[in-house]
Amino acid sequence: MAVKTYLQAISDGLRSEMQRDKRVFIIGEDVGVYGGAFKVTQGFQEEFGAWRVIDAPLSETAIVGGCTGAAMMGMRPVAEMQFADFISCAWDHLVTVAAKQRYRAGTPVPITVRLPSGGGFSGGPFHSQNPESSFAHIPGLKVVCPATPADAKGLLIEAIQDPNPVLYFEHKHLYRRIKDEVPEERYTVPFGEARMHREGDDISLVTWGAMVYTADEAAQKLEGEGISVEILDLRTLAPWDKEAVLRSVEKTSKALVLHEDTLTGGFGAEIAATIGEEAFESLDAPVRRIAAPDTPVPFSPPLEKAFIPQVEDVVAGLKELAEY
Amino acid sequence: MAVKTYLQAISDGLRSEMQRDKRVFIIGEDVGVYGGAFKVTQGFQEEFGAWRVIDAPLSETAIVGGCTGAAMMGMRPVAEMQFADFISCAWDHLVTVAAKQRYRAGTPVPITVRLPSGGGFSGGPFHSQNPESSFAHIPGLKVVCPATPADAKGLLIEAIQDPNPVLYFEHKHLYRRIKDEVPEERYTVPFGEARMHREGDDISLVTWGAMVYTADEAAQKLEGEGISVEILDLRTLAPWDKEAVLRSVEKTSKALVLHEDTLTGGFGAEIAATIGEEAFESLDAPVRRIAAPDTPVPFSPPLEKAFIPQVEDVVAGLKELAEY
Amino acid sequence: MAVAREAEPVSSLTEIKEAGLDREDLLGIYRHMLLTRGIEERGHILYKQGKIPGSFYTGRGNEAASVGIATAMGPEDVGTPLHRDMGVHIVRGVEPWRIFAQFMGRADGPTKGKDGNVHMADDRLGLIAMVSHLPAMLPVAVGCALAFRIREEKRVALTWFGEGASARGDTHEGMNLAGVRRLPVVFICDNNQWAYSTPTHLEYACEHIADRAKAYGFEGVVVDGTDVLAVYREAKAAIEKARDGGGPTLIECLTLRMEGHAVHDDASYVPKEMFEEWAKRDPLERYRTWLRENAEFTDEEEDEIRSQVKKLLNDAVQRADESPDPDVDTLLDGVYATPEDLDTPHHK
Amino acid sequence: MAVAREAEPVSSLTEIKEAGLDREDLLGIYRHMLLTRGIEERGHILYKQGKIPGSFYTGRGNEAASVGIATAMGPEDVGTPLHRDMGVHIVRGVEPWRIFAQFMGRADGPTKGKDGNVHMADDRLGLIAMVSHLPAMLPVAVGCALAFRIREEKRVALTWFGEGASARGDTHEGMNLAGVRRLPVVFICDNNQWAYSTPTHLEYACEHIADRAKAYGFEGVVVDGTDVLAVYREAKAAIEKARDGGGPTLIECLTLRMEGHAVHDDASYVPKEMFEEWAKRDPLERYRTWLRENAEFTDEEEDEIRSQVKKLLNDAVQRADESPDPDVDTLLDGVYATPEDLDTPHHK
Ligand SMILES: Cc1ncc(C[n+]2csc(CCOP(=O)(O)OP(=O)(O)O)c2C)c(N)n1
Ligand SMILES: Cc1ncc(C[n+]2csc(CCOP(=O)(O)OP(=O)(O)O)c2C)c(N)n1
Ligand SMILES: [Mg+2]
Ligand SMILES: [Mg+2]
């Protein structure tokens with residue numbers, strides 16, 4: 001199997017869906033001639049033409065609202081936000097129209113919004129955010145956060161074929177840093193099924209996105225100390241795989257939830273609350289949450305490092321749990 | 001002390017601040033000549049003139065963005081959303097500018113946004129929402145949800161004098177239904193201090209807004225059955241009074257969190273997760289959450305009734321906990 | 001200094017025949033306008049009877065504008081009408097009893113009780129249900145037009161917005177995208193001079209909303225929204241222009257909102273004389289006179305249409321009232337679409 | 001068919017004196033332009049040396065526009081400059097070393113390492129720090145103007161936006177509110193012909209962005225953004241008009257973005273000839289020639305200014321580099337303002 005970067009896997013998945021399905025088109029700022037700020041759609045306009053790879057005006061509302069209308073007319077739009085942060089400018093269209101149209105009026109809105117998210121390279125407060133929790137709270141939206149190249153491809157194809165609005169968060173810090181085997185053929189990864197990233201017996205660590213790798217490093221460090229950590233990569237937050245999480249916690253009896261988004265009201269709270277409610281009798285320790293502190297994402301490298309959960313933070317949290 | 005409706009208390013609080021402090025002005029759709037969709041600012045334009053009670057164009061972004069600028073120039077703007085639901089149109093300005101300007105650039109943004117929220121009268125999906133959880137997740141914003149007339153006045157004055165952006169959710173279903181004593185003089189209710197609505201020994205019920213009354217009815221019903229429920233009215237979600245909640249749970253050893261917003265990723269998750277994490281050793285039962293199901297707010301009365309948590313739902317939840 | 005063209009009234013039967021309407025169409029228009037008003041009047045009664053939960057909005061005074069535009073739409077065209085545009089639903093053929101069921105929140109309303117008021121549409125008739133947030137459906141309609149353009153279909157999207165909603169960013173982003181890409185979309189401003197209690201000079205500072213079309217690179221036209229035939233003719237021209245690749249048009253229909261913003265509002269902020277003046281230009285009355293003067297409209301014809309409409313409404317109210325409340329078990333249904341939902345011709 | 005007025009170049013020393021600038025001001029402008037370019041050139045070097053984290057943006061080609069506008073501002077006026085408007089910070093008097101410290105994310109940058117790039121401002125100088133989201137600061141500036149209007153102060157707010165950002169709803173809502181209420185605000189469109197890789201015809205479909213002013217009930221003017229004196233004159237007129245209660249003006253400064261969108265972008269999508277053509281109109285060179293031809297600008301004067309600026313920059317880079325990284329303990333500081341933060345003259 002070919003080894004590909006996370007970014008290449010996204011690009012490949014998108015290209016193959018566009019080749020297979022004429023209803024799929026992409027619209028966003030600078031996605032055409034320039035190939036996108038991160039070059040995910042490089043070469044696409046040559047291949048598919050300017051009406052399937054559309055350079056939009058600087059108009060997030062028109063992009064997302066426009067995708068909604070096109071989807072209602074039978075297209076399968078894929079919108080690219082230049083950075084996930086800018087989705088705040090289309091919040092209304094997602095929560096008001098796309099999320100509710102099926103329930104209210106019976107009209108499906110099969111759109112995919114691609115959101116380059118996450119920090120780690122001094123992007124500052126507006127090019128580093130992880131706004132997935134905000135959307136995971138809105139009934140009617142689906143939220144996807146792949147961590148591996150193979151999932152990035154399979155989940156993107158699933159997002160495009162899903163009959164609902166899907167927010168697809170692609171973590172910028174994984175784009176070129178993470179490489180792995182990706183099947184050539186078309187495949188989908190179903191929503192709502194966590195990936196067992198690493199099996200273990202002592203503590204369940206539930207996470208997603210770039211934090212999977214932070215978790216993994218922490219787990220490796222603790223291996224030597226005889227602490228066996230099971231890592232579940234949720235892959236999708238809406239829907240999220242409650243069963244897999246509860247199953248794991250019932251086995252290990254301890255849980256840590258880790259995310260890069262800020263702590264208070266982050267989606268980790270939902271997971272921790274659910275574990276606390278539904279696995280109460282299995283728990284041998286409080287469910288711990290590790291997340292970014294409740295501040296905007298700072299720019300300066302030392303501040304940003306202190307902001308994003310680091311391997312040491314996770315190691316410390318796991319140890320605390322192990323000793324509990 | 002005079003007895004006033006919740007609505008009158010809000011109106012009085014706002015008027016007295018405008019009389020006291022020339023920097024305070026109000027801007028919103030139809031707040032002037034018409035006195036606001038709910039008549040909170042009735043008579044204000046006559047009293048304060050058209051430049052302190054400003055009928056804005058139908059432009060939530062200009063209203064909130066404009067308040068941000070005016071606040072930076074030393075004013076104390078109060079924006080009225082016609083319904084809380086329409087704040088989705090100003091999401092970007094709140095999370096991008098108002099919430100982050102102090103941290104990034106040192107500039108305080110003392111604005112108050114008044115948000116008539118909540119369901120119970122067939123307002124349908126766009127005139128019934130309780131979007132407070134979405135904002136409580138954003139560092140830099142404060143979120144206020146008064147339940148009583150006295151708190152409505154005191155928290156509004158506190159919101160206006162607070163040097164930060166404050167989202168003030170006023171529950172429409174309480175406007176004219178709830179009457180109580182309200183002091184005539186100026187006073188403030190501090191943020192982050194829960195109100196002990198009812199003392200009890202067996203279960204802690206944590207809630208806010210209109211659900212305080214649902215909780216109260218449920219507690220009364222259970223009194224006869226020998227179940228003693230303590231009700232904490234949080235009053236503000238950001239900041240929220242963790243200490244008071246933990247103190248109560250340490251006493252009762254059981255907790256139920258109740259809110260009108262939808263369940264998954266709602267702010268109840270944060271509270272439940274925190275109790276689970278910090279009062280783990282005190283808990284004799286899982287922390288239960290009761291909230292609206294994960295759907296838009298339906299219009300038809302029987303559907304809406306099934307959607308909004310009812311006294312019976314709370315009674316059932318409390319009984320389950322009591323029997324645990 | 002106006003920038004947009006101001007449309008003339010339609011002068012004769014010949015002129016309107018050239019614009020594509022024969023005498024039967026003309027009577028159909030009258031019937032649709034009568035039905036539009038009748039539905040809203042009945043709705044008002046139902047509301048007073050306590051049969052309509054929540055609030056209740058009408059488009060009284062806007063019947064010519066909504067019917068005129070919709071009459072000009074082709075069968076494959078799509079539209080996103082708003083709360084003053086009942087006539088669009090009527091012309092596209094929604095059954096009146098379903099509308100009453102919608103008002104009453106019943107299981108047979110187009111939204112099955114999930115939403116209320118005219119927040120509804122039958123997508124099989126080429127309409128898309130509005131949301132409250134104004135004018136969020138405008139960029140959505142632009143997206144429909146984008147789909148038509150991508151697939152090189154000769155279809156047009158129509159979208160409505162009030163002069164109040166013209167102040168929102170959605171209006172701008174949608175029109176700008178449509179202008180830049182010359183998409184087949186027609187924008188209709190229902191300028192009824194009030195946005196709730198807010199008068200036009202507090203919503204915009206140019207002379208006509210239609211003047212703004214130039215800012216987006218296309219044409220604007222102001223039309224008397226009480227003149228159904230002038231509205232029809234302008235809409236027809238704009239729609240066919242869009243269909244032929246000529247890009248968008250912005251049509252501003254000038255009317256007065258003849259009632260309060262919604263049923264609870266007595267509109268005391270509207271000067272009485274304004275109502276009096278515009279009452280003289282009642283769109284139904286005006287059209288009736290035109291038909292009599294230009295199309296030999298007889299008493300018998302009028303009586304027949306009136307009694308047909310009356311019966312239709314009586315039956316509709318009754319049938320709607322027989323529709324049950326939605327089953328509480330449907331509360332959780334349909335938040336997410338299933339693949340089968342996409343099993344429509346559109347989505348192949 | 002253009003709607004906006006197209007501004008003429010400034011012809012003589014007499015004319016510019018009438019517009020309020022004496023010879024010393026003119027040399028000051030040159031110095032500010034030189035400093036503006038110098039800071040960005042040094043920034044580029046620092047970036048290549050790995051001393052600037054994240055990305056790096058410049059306003060090369062926009063020095064005349066940013067300096068010209070800012071020179072016309074009064075001391076009590078406020079502004080929300082963007083990422084191509086370094087000249088505004090310079091004219092208002094921010095110390096260059098603080099800008100370098102900002103670029104490098106150091107503790108002495110105006111944002112103390114919390115934000116980067118030109119996402120900064122010193123509010124004591126009447127400037128407000130931009131956010132990334134374009135053009136969110138535009139409605140904020142309108143709000144500043146609203147405060148001035150409410151308090152009946154004779155102050156003006158200035159706000160910048162790119163021709164790309166003109167497509168966003170914020171532009172529309174802000175301008176509309178300003179037009180309706182005739183607020184004292186001047187809108188400046190930095191039209192540098194590219195929005196990242198997107199050319200103007202994909203961002204707007206009218207001839208000039210300034211044409212849109214009419215849609216909001218005020219005047220628009222297009223000015224050659226490489227001509228600092230024409231920019232100054234137009235800005236001065238617009239600012240004083242606003243100050244005198246004449247309402248907003250939209251000034252469009254036409255330039256070319258002379259580099260990539262940011263340091264990583266080679267701008268290969270921009271036709272070479274375009275760069276060549278606009279290189280001939282380099283704002284600094286152009287102004288230098290004007291000074292020589294119209295104001296007897298001597299070699300000695302020029303040398304002196306150049307060496308002053310050079311020394312200033314050398315010192316500034318060094319001082320900035322001595323500034324420490326922010327203390328990690330400051331991570332949690334300042335998310336919320338305290339009452340003491342409001343202890344400023346503004347907030348009494
Ligand atoms: C974004 C948004 N803000 C506020 C409202 C509340 N609201 C409902 S109708 C209305 C007035 C609309 O005026 P206009 O656009 O002129 O339409 P009209 O009702 O006059 O037909 C307002 C403010 C809304 N629906 N959407
Ligand atoms: C709302 C928003 N969407 C996307 C971006 C990403 N972005 C940064 S600069 C830019 C191009 C801006 O073009 P223009 O407004 O012409 O300003 P210029 O950079 O050319 O000065 C884009 C798309 C942004 N900053 N804000
Ligand atoms: Mg109106
Ligand atoms: Mg540009």
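Throughout, a chain's letter reflects where its sequence line sits, starting with A, and its residues are numbered from 1.
- Neither the backbone nor the side chain of A:Asp21 comes within contact range of chain C, judged by heavy atoms closer than 4.5 Å.
- Heavy-atom distances place no part of C:Leu127 under 4.5 Å from chain A, backbone and side chain included.
- Interface residue C:Leu183: only side-chain heavy atoms are found under 4.5 Å from chain A.
- Ranked by heavy-atom pairs under 4.5 Å with chain C, the first of A:Arg52, A:Lys100, A:Lys142, A:Lys22 is A:Lys142.
- Neither the backbone nor the side chain of A:Pro77 comes within less than 4.5 Å of any heavy atom in chain C.
- Side-chain contact between A:Ser59 and C:Leu177 is absent, with no heavy-atom pair separated by less than 4.5 Å.
- Under a 3.5 Å cut-off, the side chain of A:Asn164 and the backbone N or O of C:Ala337 do form a donor-acceptor pair.
- When heavy atoms are compared at a cutoff of 4.5 Å, C:His119 approaches chain A by way of both its backbone and its side chain.
- Rounding to the nearest 0.5 angstrom, the gap separating the CG atom in A:Asp55 from the CZ atom in C:Arg181 is 6.5 Å.
- Heavy atoms of A:Leu141 lying under 4.5 Å from chain C belong exclusively to its backbone.
- Interface check for chain A: of the options C:Met130, C:Lys112, C:Met137, C:Glu153, the most heavy-atom pairs under 4.5 Å are formed by C:Met130.
- Inter-residue side-chain proximity for C:His133 and A:Val97 is flagged as unmet; no heavy-atom pair is nearer than 4.5 Å.
- The backbone N or O of C:Gly334 lies less than 3.5 Å from no partner atom in the side chain of A:Tyr103, so there is not a single donor-acceptor pair.
- Within the model, atoms OG1 of A:Thr61 and CZ of C:Arg168 stand 7.5 Å from one another, a figure rounded to the nearest 0.5 Å.
- Of the two parts of C:Asp122, neither the backbone nor the side chain holds a non-hydrogen atom closer than 4.5 Å to a non-hydrogen atom of chain A.
- If you tally non-hydrogen atom pairs under 4.5 Å between each of C:Asp341, C:Val180, C:Leu138 and chain A, the highest count goes to C:Asp341.
- Relative to the ring axis of A:Trp51, C:Arg151 does not place its NZ or CZ within 45° and under 6.0 Å from the centre.
- For C:Asn176, the part lying under 4.5 angstrom from a heavy atom of chain A is the side chain only.
- Looking at A:Arg102, its side chain never comes within 3.5 Å of a backbone N or O of C:Thr338 through a donor-acceptor pair.
- Between C:Asp170 and A:His93, the closest side-chain pair of non-hydrogen atoms falls below 4.5 Å.
- Of the listed residues (A:Ala62, A:Ala105, A:Ala98), the greatest number of heavy-atom pairs within a distance under 4.5 Å of chain C belongs to A:Ala62.
- Within the 4.5 angstrom heavy-atom criterion, only backbone atoms of A:Ala71 (N, CA, C, O) approach chain C.
- Within the 4.5 Å cutoff, side-chain heavy atoms of C:Ile128 are placed close to those of A:Met73.
- Note on A:Gly140, A:Ala56, A:Pro165: by heavy-atom pairs under 4.5 Å with chain C, the leading option is A:Gly140.
- Across C:Ala141, C:Ala178, C:Ala147, C:Pro139, the residue that shares the most heavy-atom pairs under 4.5 angstrom with chain A is C:Pro139.
- Your options are C:Asp115, C:Thr111, C:Val335, and the one with the most heavy-atom pairs under 4.5 Å with chain A is C:Val335.
- Residue C:Arg243 places its CZ atom among more than 12 non-hydrogen atoms of other residues, nucleotides or ligands, all under 6.0 Å distant.
- Within the 4.5 angstrom heavy-atom criterion, atoms from both the backbone and the side chain of C:Ala136 approach chain A.
- In this structure, A:Ile54 and C:Leu146 have side chains that are in contact, with non-hydrogen atoms separated by less than 4.5 Å.
- In terms of heavy-atom pairs under 4.5 angstrom with chain A, the leader among C:Met120, C:His172, C:Arg149 is C:Arg149.
- In terms of heavy-atom pairs under 4.5 angstrom with chain C, the leader among A:Cys67, A:Ala99, A:Pro108 is A:Pro108.
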Exercise for the section: Please lay out, stage by stage, how C:Val140 and A:Met72 fare under the test side-chain contact (heavy atoms from CB on, under 4.5 Å). Expected result: CA-CA 9 Å; C:Val140 173; A:Met72 289 174 176; 3.9 Å; yes
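- For the pair A:Gln101 (side chain) and C:Ala129 (backbone), a donor-acceptor distance under 3.5 Å is present.
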